[in-house]
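Numbered from 1 within each chain, the chains take letters A, B, ... in sequence-line order. Here the structure is a predicted model, which means the values were calculated and not measured.
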There are 2 protein chains.
Amino acid sequence: MHETAAATHDEVRLGALANSLGFLLRLAQLTNFSDFYAAFDGTGIRPGEISVLMLIGENPGIRQGVLARRLMIKRAHMAKMIAAMEADGLVEKSVPEADRRGVELRLTPKGRARVAQAQPIFARLDAVSHRGLTPREEQELKRLLRKYLEIDSQSDGREAQP
Amino acid sequence: MHETAAATHDEVRLGALANSLGFLLRLAQLTNFSDFYAAFDGTGIRPGEISVLMLIGENPGIRQGVLARRLMIKRAHMAKMIAAMEADGLVEKSVPEADRRGVELRLTPKGRARVAQAQPIFARLDAVSHRGLTPREEQELKRLLRKYLEIDSQSDGREAQP
DNA sequence: GGAATTTTGTTTCCAAGTAGACAAAATAGA
DNA sequence: TCTATTTTGTCTACTTGGAAACAAAATTCC
């Protein structure tokens, strides 16, 4: 029996979307997230939480607005995340004398322990999440994404030391 | 005056995250989305809506479960999106005789008009969203993402014709 | 043929994230 | 000084998406 135009066998024509950067990025991110959740299964660690903790660990005293801008999420949402993490004892806030509007963030020992717990899982995930790509291609993919995002891979955004 | 360890000037050290595929994909997707919203400003067209409409247009009669799987969203959410689009008169459902559990989707004339309206904006967006990349690099980025996703760029997921 | 299982879509409730208004503190401008 | 603007974080809705339970139809297994 001949097939009609209706899609069968889960085969889906993507048409113009197959060449859309946004569409490809969205699917790639969802794919990677599912790898993340598989790797961190049972730990209760989520992508948003661990990336915030890692950035605070790398940048002690960072302001939450700066963190929100770098992670491209809204300050309102960052406020909620930080409040929850503070309630969990992962992060501590301090109000700097120089500008009492702001809040400086630092990891507590428990927060540092959480990052340390995640580190090996994170490393293993990154070593296995290649999917169809060769290691060489994955490096190239990351390089292109960093260039797209205008992230300087070596300096990690650190200021030059005079 | 010498700086403390606290991050100033919005400079944020990314540390290990700068080499994390998931982190880079997330930021890239958010960046691209903001380009999308800028390009489609005023039209009321959102990424999820237009991608669903385009896929239905390319695959008349597609089942909503198949669509959900391809877009990597949950059937529950797809049901809500389709219900809203049907209420807007963009999509029509029909129950196939062969399997009365399922629902086949097709665009209405209004749905086709919406896709036609989006097409030039979409094309222009795709031509301008390069950011730091050269056109050559953007093509390579898309190729790597398709390979990561195991999407066959030429066939668009279409079955081979015997 | 008829009960168990699976598939498909839906419904309800919950979590993640955004939008916009707000208050407090800092800064700019006369 | 002292008002006006800006910056920073927060609060209250609202939107988007997922988890789990459910119903109806199809399929499997005897």
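In this structure, CZ of A:Arg46 is placed 10 Å from P of C:dA15, rounded to the nearest angstrom. In this structure, B:Ile73 atom CD1 and D:dT16 atom C1' are separated by 10 Å, rounded to whole Å. For A:Gln64 and D:dT7, the CD to P distance is 17 Å, given to the nearest whole Å. Spacing between atom CE of B:Met78 and atom C1' of C:dT10 amounts to 14 Å, rounded to whole angstrom units. The distance between atom CE of B:Met81 and atom C1' of C:dT10, rounded to the nearest whole Å, is 16 Å. Remark: P of D:dT16 and CG of B:Leu71 are 16 Å apart, rounded to the nearest angstrom. We find that CD of A:Gln29 is positioned 15 Å from P of C:dA16, with the value rounded to whole Å. With rounding to whole Å, A:Met85 atom CE is found 16 Å from D:dG9 atom C1'.
The residues A:Asp35 and A:Arg131 are annotated as salt-bridged, a charged nitrogen and a carboxylate oxygen being separated by less than 4.0 angstrom. Salt-bridge formation is detected for the pair B:Glu137/A:Lys147: a Lys NZ or Arg NE/NH1/NH2 atom is positioned less than 4.0 Å from an Asp or Glu carboxylate oxygen.
Both A:Ile82 and A:Arg26 sit near DNA chain D, but only A:Ile82 has its closest nucleotide nearer the 5' end.
The aromatic rings of B:Phe33 and B:Phe36 sit tilted relative to each other, their planes meeting at an angle between 30° and 60°.
B:Val128 and B:Phe40 are members of different hydrophobic clusters when ILVMFWY side chains are connected at heavy-atom separations under 4.5 Å. Side-chain heavy atoms closer than 4.5 Å link hydrophobic residues (I, L, V, M, F, W, Y) into clusters, and following such links, even through other members, never connects A:Val95 to A:Val91.
Within 3.5 Å, a donor on the side chain of A:Lys80 pairs with an acceptor on the base of C:dT18, or the reverse.
Here the shortest heavy-atom pairing between A:Leu107 and A:Arg112 reads O-NH1, 3.3 Å. The minimum heavy-atom distance linking A:Thr108 with A:Glu92 is given by the pair CG2-N, 4.0 Å.
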When you compare the protein's N or O atoms with those of nucleotides 20-23 of chain D, which come within less than 3.5 Å of each other, and at what distance?
none

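Note on A:Lys74: every side-chain N or O is 4.0 Å or more away from OP1 and OP2 of D:dT8.
Using modelled atom types, no side-chain atom of A:Asn32 and backbone atom of A:Ala28 make a donor-acceptor pair closer than 3.5 Å. Judged by distance alone, the side chain of A:Arg106 and the main-chain N or O of A:Ile56 form no donor-acceptor pair under 3.5 Å.
Residues from residues 94-101 of chain B placing a heavy atom under 4.0 Å of any atom in DNA chain C, listed by number, are B:Arg101.
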